[in-house]
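Letters go in sequence order (proteins before strands), and every chain restarts at 1. What's counted below: heavy atoms across the whole structure, side chains too, no hydrogens, waters or symmetry copies.
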Amino acid sequence: MSFASEDSQKLDFAGSPVNQSLSADDKIELFRQMTRIRRFEQASLKMYNKGVMGGFLHLYIGQESVAVGTISLRGEHDHFITAYRDHGHALAVGMGMNECMAELYGKASGCSKGKGGSMHYFAPDKNYWGGHGIVGGQTPLGLGLGYGLKYKELEGCALCYLGDGAVNQGAVHESFNLAALFEIPVVFVIENNGYSMGTSQKRSSSFRGCLAQRAEGYDMEWDLIDGSDLYQVRAKANIAMERARKESKPSVIEIATYRYYGHSVADANAKKYRTPDEIENYKKNHDPIRLWEHRLLDEGVLTEEKSKEIDDAAKKEAADSIEFAENAPAPTVDSIMDDVYWESDNDTEASKIGRHFFND
Amino acid sequence: MSFASEDSQKLDFAGSPVNQSLSADDKIELFRQMTRIRRFEQASLKMYNKGVMGGFLHLYIGQESVAVGTISLRGEHDHFITAYRDHGHALAVGMGMNECMAELYGKASGCSKGKGGSMHYFAPDKNYWGGHGIVGGQTPLGLGLGYGLKYKELEGCALCYLGDGAVNQGAVHESFNLAALFEIPVVFVIENNGYSMGTSQKRSSSFRGCLAQRAEGYDMEWDLIDGSDLYQVRAKANIAMERARKESKPSVIEIATYRYYGHSVADANAKKYRTPDEIENYKKNHDPIRLWEHRLLDEGVLTEEKSKEIDDAAKKEAADSIEFAENAPAPTVDSIMDDVYWESDNDTEASKIGRHFFND
Amino acid sequence: MSRKMLYRHAIREALDEELTRDENVVVMGEEVAQYNGAYKVTEGLWEKWGCKRIVDTPISEAGFIGMGIGASMLGIRPVMELMFWSFHSVAFDQLVNNAACVRYMSGGLINVPIVVRGPANGGTNVGATHSHIPEGLFAAFPGLKVCAPATPADAKGLMKAAIRDNDPVYVMENTLLYGTEGEVPEADAGDHVVPLGKADLKREGSDISLIAHGRSVIHCLAAAETLKEEHGINAEVLDLRSIRPLDQEAILETVRKTNRAVLVDESKGFGGVSAMVSHLIQEHAFDHLDAPITRVTTLDAPAIYSPHVENEQLPNPKRIVDKVLAQA
Amino acid sequence: MSRKMLYRHAIREALDEELTRDENVVVMGEEVAQYNGAYKVTEGLWEKWGCKRIVDTPISEAGFIGMGIGASMLGIRPVMELMFWSFHSVAFDQLVNNAACVRYMSGGLINVPIVVRGPANGGTNVGATHSHIPEGLFAAFPGLKVCAPATPADAKGLMKAAIRDNDPVYVMENTLLYGTEGEVPEADAGDHVVPLGKADLKREGSDISLIAHGRSVIHCLAAAETLKEEHGINAEVLDLRSIRPLDQEAILETVRKTNRAVLVDESKGFGGVSAMVSHLIQEHAFDHLDAPITRVTTLDAPAIYSPHVENEQLPNPKRIVDKVLAQA
Ligand SMILES: Cc1ncc(C[n+]2csc(CCOP(=O)(O)OP(=O)(O)O)c2C)c(N)n1
Ligand SMILES: Cc1ncc(C[n+]2csc(CCOP(=O)(O)OP(=O)(O)O)c2C)c(N)n1
Ligand SMILES: [Mg+2]
Ligand SMILES: [Mg+2]
């Protein structure tokens with residue numbers, strides 16, 4: 001595990017234009033977003049462990065600065081898509097805790113009506129396209145969002161997040177080449193948390209320099225970012241996003257980050273393949289929320305009091321979402337058959353011709 | 001279309017050890033091999049156009065130095081696998097024209113019993129593993145041959161050929177990473193003939209420098225080779241092959257070459273996406289067989305007479321193979337059901353339990 | 001009013017008309033633009049519509065099909081060619097997960113109005129990897145729709161229906177049909193759309209039902225002639241046209257009429273569309289069957305190359321006649 | 001002599017014994033070594049056998065499965081884990097072309113002695129992309145063999161048969177069975193090998209045949225108890241175990257005995273193993289059927305996440321009982 005911040009000279013990105021333009025409120029808002037994500041996930045962890053949810057729960061805790069930092073830069077025509085570790089991005093684009101928590105509970109008022117679960121949050125109205133379970137499988141879709149923008153001649157970019165393990169999927173390579181060849185306004189964001197399940201980055205990838213550097217093979221721009229520094233995330237991501245929007249050129253950016261918990265909550269080995277020291281070191285020295293908080297305290301933008309107020313509100317919001325989810329209705333068995341075909345759901349002429357469903 | 005030879009300074013590779021060690025006979029043998037491939041393919045083209053064959057016929061004419069140059073370096077434990085443009089490699093590993101021609105005719109005495117056709121020549125006894133139709137699909141298999149060598153602790157290497165269009169398949173990327181990560185003795189040989197069907201290299205790939213340079217993204221060695229110079233092919237391929245055999249390290253080598261004919265004989269556009277000038281230029285200035293012939297004449301190793309004798313013999317061998325193929329028996333309808341399962345073909349106990357085949 | 005037209009030109013006309021109708025329609029694939037299509041289905045479209053609407057892609061099926069799916073979520077309507085449907089194998093995840101499931105997993109927030117098209121057939125001596133027949137394979141995935149036209153008119157009409165459909169539709173064409181001719185309604189006689197889910201009775205008969213799709217329909221029609229002329233058997237030929245949605249009513253109707261069925265399917269014997277149709281018939285028309293349903297499928301081995309025998313591996317009129325005679 | 005054992009441990013024991021028997025056997029996959037396997041099937045094997053025999057791979061299913069196929073051509077016998085069989089979608093080309101066709105295309109010069117294994121099931125609330133049930137899908141490809149054990153003893157025995165088989169065998173396990181217990185013959189009581197192609201009558205009965213494989217067998221056994229106790233119906237339960245080769249004789253035998261069949265299959269309704277079995281029964285035991293064959297399959301939508309209803313989407317004892325009652 002290596003953090004960019006440990007190797008590279010510490011530069012201060014507070015002065016970059018995109019950070020300069022932040023008001024005090026904006027900065028506090030970033031803090032609030034990261035805090036909300038963490039509190040939401042802590043709450044979901046607690047409830048998962050009580051057995052009220054099914055399937056997997058991949059926590060984003062430790063990585064909050066990536067989603068919040070990049071999504072804070074969004075413009076009207078920017079779009080987002082990620083893998084199964086998707087709660088952070090969901091809250092960052094503006095999804096509510098209620099619908100997110102209810103989804104974990106598998107309830108009909110969940111964001112995906114209980115059909116998707118933790119791995120499949122979606123909010124097209126907020127330009128958020130999921131939440132995808134097949135490693136690397138979302139990469140061509142992210143490329144396609146950029147393709148759509150270009151086709152429609154809109155000034156925007158697609159941000160497509162993927163993990164350090166995902167980079168070795170064939171679809172990622174095909175997407176990189178297509179993005180560069182067709183000059184698609186897409187930014188591939190490698191969230192490098194050092195591990196794919198129990199496999200450290202060096203056991204899964206052969207590379208020179210860093211994973212993002214593979215972009216050179218496609219004549220694409222790339223950058224490496226210290227995810228624990230929110231100013232840096234914003235400053236550097238902004239360059240890539242502007243390159244996409246203004247020049248219609250893709251980039252690969254790799255953001256060094258870390259997850260506190262196991263791959264998913266079911267990961268019994270989380271403390272075996274990583275030393276306790278490594279985890280502690282991150283928590284103590286690299287936690288993006290604590291670092292941001294201190295930064296804002298130093299800048300005099302935030303007070304301890306205000307910080308606590310935000311944290312308390314986030315906790316309460318999360319607790320409320322649990323209550324919402326618990327009281328929300330479960331999907332009916334009949335509803336299993338909805339949302340398969342658009343034509344059927346909309347009861348169109350086409351949906352009435354021929355047998356669409358083969359239930360015995 | 002760019003030939004390495006046109007950009008780069010002309011170096012003479014005759015002096016490299018692997019070329020120094022060639023006897024006059026060896027050099028003539030290389031000439032003979034290339035000539036045989038060309039004559040075989042010209043004969044097959046003629047017969048294909050008479051309608052006696054089915055399917056595709058992807059001619060290797062123009063690229064002979066690649067197969068002959070690399071395969072001439074083989075040791076006991078070296079293995080070879082390629083895509084559908086596979087006649088050249090087949091003859092170079094020592095397959096007979098008869099079985100190859102009969103295969104084109106779809107005859108039972110073809111190398112694959114008429115089951116594979118032009119795209120699927122195999123000779124495991126000569127360490128030749130095909131002949132594969134899905135673009136890029138053979139790449140993991142080539143990696144696996146190297147894996148097998150390493151597993152068995154044999155000193156050898158696997159040569160896995162692929163086209164310039166194939167490099168954008170996901171399986172190729174996955175294979176590159178695995179090869180470097182596991183230190184597999186494999187050499188990926190990109191036969192860059194400038195086109196994938198009607199698509200020029202620059203319309204299919206985004207890259208920096210050359211396609212082989214993508215290897216850097218995997219921390220792998222790479223090289224670019226002028227395929228029209230047989231000495232160069234041998235000298236540089238040998239380095240990669242020795243790296244595999246001795247250090248168990250993979251490489252990607254890209255060999256600039258050209259095909260005279262269309263993508264396949266069915267390619268009606270062969271003269272539309274390439275200018276006649278371009279084709280003529282290659283024939284006149286880069287033909288690997290003519291260049292080699294002249295080189296050997298210059299060296300005094302070959303005489304015009306000997307050259308003609310070799311050519312005549314190759315022509316006759318090809319003509320004979322047509323006769324062989326024409327007189328060879330066609331497969332029976334019953335034989336369609338052979339060669340599906342090893343267990344069934346060998347009439348083992350296992351093959352007698354349960355229904356294996358579902359013919360109506 | 002109609003005119004004679006090649007199957008490939010009927011498809012091209014459908015593409016051209018839909019390109020005209022909706023600016024979000026974009027045709028993509030390997031060699032579809034400058035090369036005019038490996039099988040010349042898209043001939044002339046690039047010249048007419050230019051680089052934005054007709055797009056050549058690298059050989060990256062997972063990449064460009066996934067790209068099309070992603071773009072379709074924003075309202076683009078990509079019509080993507082697989083040079084051979086057989087190349088589904090390298091794009092399978094995009095085809096069966098992203099295209100088929102994204103709507104469901106999002107609780108209906110997304111739809112994926114794509115078309116994937118290309119030839120899916122044996123019979124051209126291109127060997128095992130290039131001769132897959134995946135209608136049944138894809139129809140097995142809820143969320144997908146599949147059709148397989150047998151005639152130029154159906155090819156045009158189904159293609160237009162597919163492009164207008166708001167769900168992913170996989171159109172399985174046939175290299176051996178591209179050059180066949182048939183009547184197609186005049187372009188100015190109004191929109192010629194053949195709805196998905198509607199079978200077509202291609203020949204009326206009374207003694208036995210031949211149920212097929214794609215090129216097998218043509219074989220059935222030939223077999224029916226032989227049966228009539230040489231054996232006095234009057235076979236009915238039902239062309240499924242669409243596999244999912246499936247016209248179950250039409251299937252049951254013909255079987256209730258003839259009380260016998262031979263299913264002809266270019267798939268291999270294990271599974272395929274015909275196993276499913278067989279199950280549906282016996283389930284819903286059990287008492288109407290005078291004999292077991294039998295099938296003519298592709299001999300159960302990977303596709304052989306040899307031109308000397310490949311036709312014998314595939315369904316053909318003779319094999320159909322034999323199967324009918326064995327039953328009757 | 002036998003002892004009680006978990007399904008996952010039975011598989012591990014099979015792997016361990018085969019690793020001992022043949023030095024060419026190598027176990028590969030994501031997290032199979034140092035992590036002990038995502039579902040702990042390979043627990044302890046890396047510690048015992050080391051890095052050469054138990055190999056962790058990157059998340060590159062097409063790459064490492066193709067690699068295993070290539071190595072198998074040289075005589076290595078890779079046993080490759082797909083963490084979920086659902087991930088077949090990204091390795092499909094290697095699984096259905098290279099593994100299934102290379103022998104054929106070479107005219108029998110090559111064989112591919114690989115095993116691909118992993119869980120293939122719904123019921124764990126992991127959603128549409130992680131819950132594919134591809135037994136029927138792969139059995140449709142000649143050149144491949146497919147089995148799906150329901151009990152620890154069968155899991156061990158079939159795994160050993162699969163590893164020794166000289167053709168590619170795809171073993172479909174089940175995450176919900178990994179923790180189930182059953183009798184398995186003692187290791188020192190001789191090689192416990194269950195041949196591919198042999199079904200197992202898991203319960204004798206006289207009134208109706210329930211035919212299933214994998215976890216559906218367990219549901220059938222539960223349903224049979226209810227039918228007996230509450231309805232006086234004596235159901236026979238046939239566990240196919242192996243899908244290809246398929247024990248057609250055993251299928252026909254039970255149907256000839258009971259004259260009725262309900263097929264239970266976790267596949268979706270279009271196709272699947274059960275459509276094929278249905279076709280075979282009606283073709284070969286037509287006169288023995290007293291009623292149409294009916295099926296219990298997974299409700300025909302992508303797999304739902306919600307733990308509140310996923311079990312209702314899947315075959316379960318209640319749905320089986322209802323289906324039997326509807327027929328009887
Ligand atoms: C194609 C595929 N293979 C394997 C898996 C199982 N799996 C889910 S997440 C994961 C690790 C991915 O690691 P990384 O890309 O680094 O993302 P992270 O979990 O660290 O966010 C694996 C192996 C999968 N979902 N899809
Ligand atoms: C997966 C896949 N996609 C498409 C094709 C059709 N196809 C066959 S060869 C070819 C071009 C390949 O070009 P290149 O890799 O440069 O090899 P070359 O033909 O020049 O030797 C294409 C598109 C295929 N066989 N497999
Ligand atoms: Mg990671
Ligand atoms: Mg090429």
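- One distance of note links CD1 of D:Ile304 with CE of C:Met105; it measures 12.5 Å at 0.5 Å rounding.
- With a 4.5 Å cut-off on non-hydrogen atoms, C:Ala291 touches chain D through its backbone but not through its side chain.
- The environment of D:Lys198 atom NZ is sparse: at most 12 non-hydrogen atoms of other residues, nucleotides or ligands sit within 6.0 angstrom.
- Note: D:Glu61 CD to C:Asp93 CG = 9.5 Å, rounded to the nearest 0.5 Å.
- When all heavy atoms of C:Ser278 and D:Gln282 are compared, the pair lying nearest together is OG-NE2, 3.5 Å.
- Looking at C:Ala100, the atoms closer than 4.5 Å to chain D (heavy atoms on both sides) all sit in the backbone: N, CA, C or O.
- Heavy atoms of D:Leu289 lying under 4.5 Å from chain C belong to its backbone as well as its side chain.
- No side-chain heavy atom of D:Ile293 sits less than 4.5 Å from a side-chain heavy atom of C:Glu283.
- Of the atoms belonging to C:Ala91, not a single heavy atom falls under 4.5 Å from chain D.
- Summarising the geometry, atom CG belonging to C:Leu144 is positioned 11.5 Å from atom CZ belonging to D:Phe270; distances are rounded to the nearest 0.5 Å.
- Using the six-membered ring where Trp is involved, D:Phe92 and C:Phe92 have ring planes that are parallel, under 30° apart on the 30 and 60° scheme.
- Atoms CG and CZ, from D:Leu137 and C:Phe138 in turn, are 9.0 Å apart once rounded to the nearest 0.5 Å.
- Per-residue counts of heavy-atom pairs under 4.5 Å with chain D were compared for C:Gly272, C:Ala139, C:Gly271; the largest is that of C:Ala139.
- Both the backbone and the side chain of C:Ile243 come within less than 4.5 Å of a heavy atom of chain D.
- Counting only heavy atoms from C-beta outward, the side chains of D:His132 and C:Phe141 approach each other to under 4.5 Å.
- With a 4.5 Å cut-off on non-hydrogen atoms, C:Ile281 does not touch chain D at all.
- Contact annotation for C:Arg103: neither backbone nor side-chain heavy atoms come within less than 4.5 Å of a heavy atom of chain D.
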